[in-house]
Amino acid sequence: MGTKNRDYAVKDIALAHLGRRQVSMAADEMPGLMALRKEYGREKPLAGARIMGSLHMTCETAVLIETLVELGARVRWASSNIFSTNDGAAAAIAQAGIPVFAIKGESLTEYWEFAQKALTWPDGEGPDLIVDDGGDAAVLLHQGYEAEQGKSLDALVATEDGRALKATIKKTLDSDSTFFSRAIKRLRGLSEETTTGVMRLLQLHKEEKLLFPAYNVNDAVTKSKFDNTYGARESLVDAIKRATDIMVAGKSALVCGFGHVGKGAAEALAAHKARVLISEVDPICGLQALMAGYSLVNVEKVLPQVDIIVTATGNKDVITVEHMRQMKDCSILCNIGHFDCEIQMAELNALKGVEREVIKPQTSRYTLPEGHSIYILAEGRLVNLGCATGHPSFVMSTSFTNQVLAQLALWQKKHNIGVFELDKKSDEYVARLHLAKLGGSLTELTSEQANYIGVPQSGPFKENSYRY
Ligand code: NAD
Ligand code: ADE
């Protein structure tokens with residue numbers, strides 16, 4: 001645990017040496033971020049900017065943080081999940097003098113307190129910019145602001161997470177009754193990393209409650225088509241195997257949700273020779289699953305036969321306690337979506353007669369009243385970051401290059417309140433920065449060819465409606 005009076009909270013600062021070596025290895029695989037350091041490192045376009053981050057504190061995130069610093073920003077960071085921190089990477093960042101508040105296995109109370117610490121600069125004021133993942137920094141600011149205006153936070157107390165958030169807001173307001181309104185006034189904007197966070201921002205905007213400008217980084221093609229799909233394709237099975245050592249070949253695996261993440265998850269399980277089943281609510285994604293050769297099924301009909309169940313929907317109650325009661329003995333249940341509410345974990349933990357045995361951190365066996373057992377990974381939280389180290393560095397470089405470009409856009413030009421996307425030129429730029437590392441060589445359009453298909457010779461090469 002971090003020492004009192006130090007402006008960080010990490011598991012053990014002595015892990016910094018090990019963490020630093022891992023971060024430098026990650027940097028070697030992150031050509032986009034390295035190219036931005038080279039292009040902007042001298043000019044320091046983020047000079048003067050205070051950036052708060054709420055995003056999984058991994059080795060890849062350490063490379064992002066140090067890129068923002070190299071571009072001139074001052075940074076404070078917290079993780080966006082209680083299980084996703086790499087303690088070595090966090091220690092390396094703290095050792096470098098960057099305030100970071102993240103410990104793998106932190107409690108929910110610590111989680112929200114760490115977010116608040118990352119949000120609060122030593123002069124008692126907030127950041128100019130935020131990098132958010134899943135919307136928790138945005139929620140803290142919005143709920144804190146509403147509480148400051150006198151709105152009751154009682155709606156939050158239905159969940160353990162909400163109770164911890166409420167306690168943090170109350171503690172903040174007890175010591176500084178106008179913190180949140182000042183923080184919102186100062187904030188130039190936020191860039192959001194993931195599907196679920198974007199959904200939360202769009203809902204706020206629709207209800208006319210959004211309090212600051214925001215960039216939707218997730219929907220850059222070089223983010224969602226890469227990180228969500230190709231990242232999940234590598235990190236999901238890695239996590240299942242680290243947690244259980246199970247043989248995937250020959251097993252029957254159900255993936256709930258065939259969006260960006262579900263497509264990568266299904267492909268990886270199929271590549272390991274599992275028989276893959278998909279559940280979907282959207283007919284387009286359902287038809288895509290069938291065209292990819294998977295079976296499209298109803299969860300209830302297949303549960304007694306499946307060995308591995310993965311939720312990847314960004315929705316809630318996808319796997320209920322009633323479902324768990326019908327599962328096959330020794331089946332494995334996990335979630336790769338952003339929040340643990342995809343699986344009814346709170347309801348399972350409250351179920352009378354259920355027994356839980358911790359096999360090792362983030363791998364538990366639950367024995368249900370009916371007598372059968374199921375293995376639940378990372379307590380239903382995102383399995384690839386809870387049971388493994390998340391997506392590989394290379395694909396995180398595509399995501400995080402977009403993040404840096406969004407931060408630059410917010411810092412260099414004042415935006416109105418709204419949810420914005422990076423343009424296609426920027427998307428193509430991010431892709432271009434990653435080609436050489438993989439030995440790729442692009443073909444150049446001749447001017448005649450460019451005229452014939454009606455695009456500029458140097459891009460953008462597609463209309464915004466193109467879906468890749
Ligand atoms: P997406 O919108 O592309 O896909 C989700 C799919 O789930 C959609 O096709 C939707 O129709 C389907 N769905 C919704 N409710 C369903 C239900 N009840 N049953 C079956 N299917 C249902 O979103 P995405 O980009 O694939 O992201 C999914 C989740 O994963 C989000 O929470 C996102 O934030 C998260 N995410 C996690 C990681 C990670 O590293 N763990 C990375 C990226 C995204
Ligand atoms: N999301 C998925 N994988 C990640 C990683 N390695 N670092 C940060 N965020 C992630």
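In this text the structure is predicted, and so the values were computed from the model without any measurement. Indexing begins at 1, ligand by ligand and atom by atom, following the structure's order. Note that the numbering runs from 1 along the sequence shown for the chain.
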Number the atoms of ligand 1 from 1 as they appear, then name those within less than 4.0 Å of a heavy atom of [X], with their elements.
{"X": "Ala312", "answer": "5 (C), 28 (C)"}
{"X": "Asp227", "answer": "42 (C), 43 (C)"}
{"X": "Asn315", "answer": "14 (C), 15 (N)"}
{"X": "Ser279", "answer": "20 (C), 21 (N)"}
{"X": "Asp282", "answer": "11 (O)"}
{"X": "Leu382", "answer": "41 (N)"}
{"X": "Thr194", "answer": "33 (C), 34 (O), 35 (C), 36 (N), 43 (C), 44 (C)"}
{"X": "Gly314", "answer": "29 (C), 31 (C), 32 (O)"}

Check ligand 2 against [X] and write out every atom of the ligand that is under 4.0 Å from a heavy-atom position of the residue.
{"X": "Phe400", "answer": "8 (C)"}
{"X": "Leu385", "answer": "1 (N), 2 (C), 4 (C)"}
{"X": "Gly390", "answer": "3 (N), 6 (N)"}
{"X": "Thr61", "answer": "7 (N), 8 (C)"}
{"X": "Thr389", "answer": "6 (N)"}

- Message: More than 12 heavy atoms of other residues, nucleotides or ligands under 6.0 Å from CD of Glu370: yes or no?
- Response: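 Yes.
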
- Query: Does Tyr145 OH have over 12 foreign heavy atoms under 6.0 Å away?
  - Reply: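 Atom OH in Tyr145 is not crowded, with 12 or fewer foreign heavy atoms closer than 6.0 Å.
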
- Message: Quick check on Cys285 - does any of its heavy atoms sit under 4.0 Å from an atom of ligand 1?
- Response: yes

Which residue and non-hydrogen atom of the protein lie closest to [atom], and at what distance in Å?
{"atom": "atom 23 (O) of ligand 1", "answer": "Thr195 CG2, 3.5 Å"}
{"atom": "atom 3 (N) of ligand 2", "answer": "His391 N, 2.8 Å"}
{"atom": "atom 30 (O) of ligand 1", "answer": "Gly337 CA, 3.4 Å"}
{"atom": "atom 10 (C) of ligand 2", "answer": "Met396 CE, 3.4 Å"}

- Looking only at non-hydrogen atoms, find the nearest pair between Tyr294 and Ala270 and report the distance. CE2-CB, 4.0 Å

For [X] and [Y], does a side-chain donor sit closer than 3.5 Å to a side-chain acceptor?
{"X": "Thr61", "Y": "His56", "result": "no"}
{"X": "Thr120", "Y": "Gln116", "result": "yes"}
{"X": "Asp161", "Y": "Trp112", "result": "yes"}
{"X": "Gln326", "Y": "Glu300", "result": "no"}

Is [X] salt-bridged to [Y], going by a charged N under 4.0 Å from an acidic O?
{"X": "Glu29", "Y": "Lys437", "answer": "yes"}
{"X": "Asp219", "Y": "Lys223", "answer": "no"}
{"X": "Asp128", "Y": "Arg50", "answer": "no"}
{"X": "Arg20", "Y": "Glu66", "answer": "yes"}

Compute the shortest N/O to N/O distance between [X] and ligand 1 and return yes if it is under 3.5 Å, no if not.
{"X": "Asn218", "answer": "no"}
{"X": "Val318", "answer": "no"}
{"X": "Ile336", "answer": "yes"}
{"X": "Lys223", "answer": "no"}

- Answer yes or no for Thr194: is there a heavy-atom contact with ligand 2 below 4.0 Å? no

- Item | side chain to side chain contact (heavy atoms under 4.5 Å, CB included) evaluation trace for Ser80 with Tyr111 | CA-CA 8 Å; Ser80 50; Tyr111 175 79; 4.2 Å; yes

- Message: Under the criterion side chain to side chain contact (heavy atoms under 4.5 Å, CB included), I'd like the reasoning laid out for Asn218 against Glu192: C-alpha separation, chi angles, the key distance, then a yes or no.
- Response: CA-CA 7 Å; Asn218 182 68; Glu192 171 52 55; over 6 Å; no

- Query: Using a heavy-atom cut-off of under 4.0 Å, does the side chain or the backbone of Asn384 touch ligand 1, or both, or neither?
  - Reply: side chain

- Item | Side chain, backbone, both or neither: the part of Glu60 lying under 4.0 Å from ligand 2 by heavy atom |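 The part of Glu60 near ligand 2 is the side chain, not the backbone.
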
- Answer side chain, backbone, both or neither: which part of Asp227 comes under 4.0 Å from ligand 2, heavy atoms only.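 No part of Asp227 is near ligand 2 at this cut-off.
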
- Item | Centroid-centroid distance, His434 to Phe226, less than 6.0 Å | no

- Could you check whether the rings of Phe420 and Tyr215 sit parallel, tilted or perpendicular, using 30° and 60° as the cut-offs? tilted

- Run down the list Thr229, Thr313, Val281, Ile278 and name the one with the heavy atom closest to atom 7 (O) of ligand 1. Thr313

- Query: So which of Glu280, His391, Lys263, Lys316 gets nearest to atom 6 (C) of ligand 1, if we judge by its closest heavy atom?
  - Reply: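 Comparing heavy atoms across Glu280, His391, Lys263, Lys316, the nearest one to atom 6 (C) of ligand 1 lies in Glu280.
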
- Side-chain donor/acceptor of Asn402 to backbone N/O of Thr398, under 3.5 Å: yes

- Item | Distance in Å, Tyr429 OH paired with Leu422 CG, rounded so as to fall on 0.5 Å steps | 12.5 Å

- Between Thr58 and ligand 2, does any nitrogen or oxygen pair lie at a separation below 3.5 Å?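 Yes, since at least one N or O of Thr58 sits under 3.5 Å from an N or O of ligand 2.
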
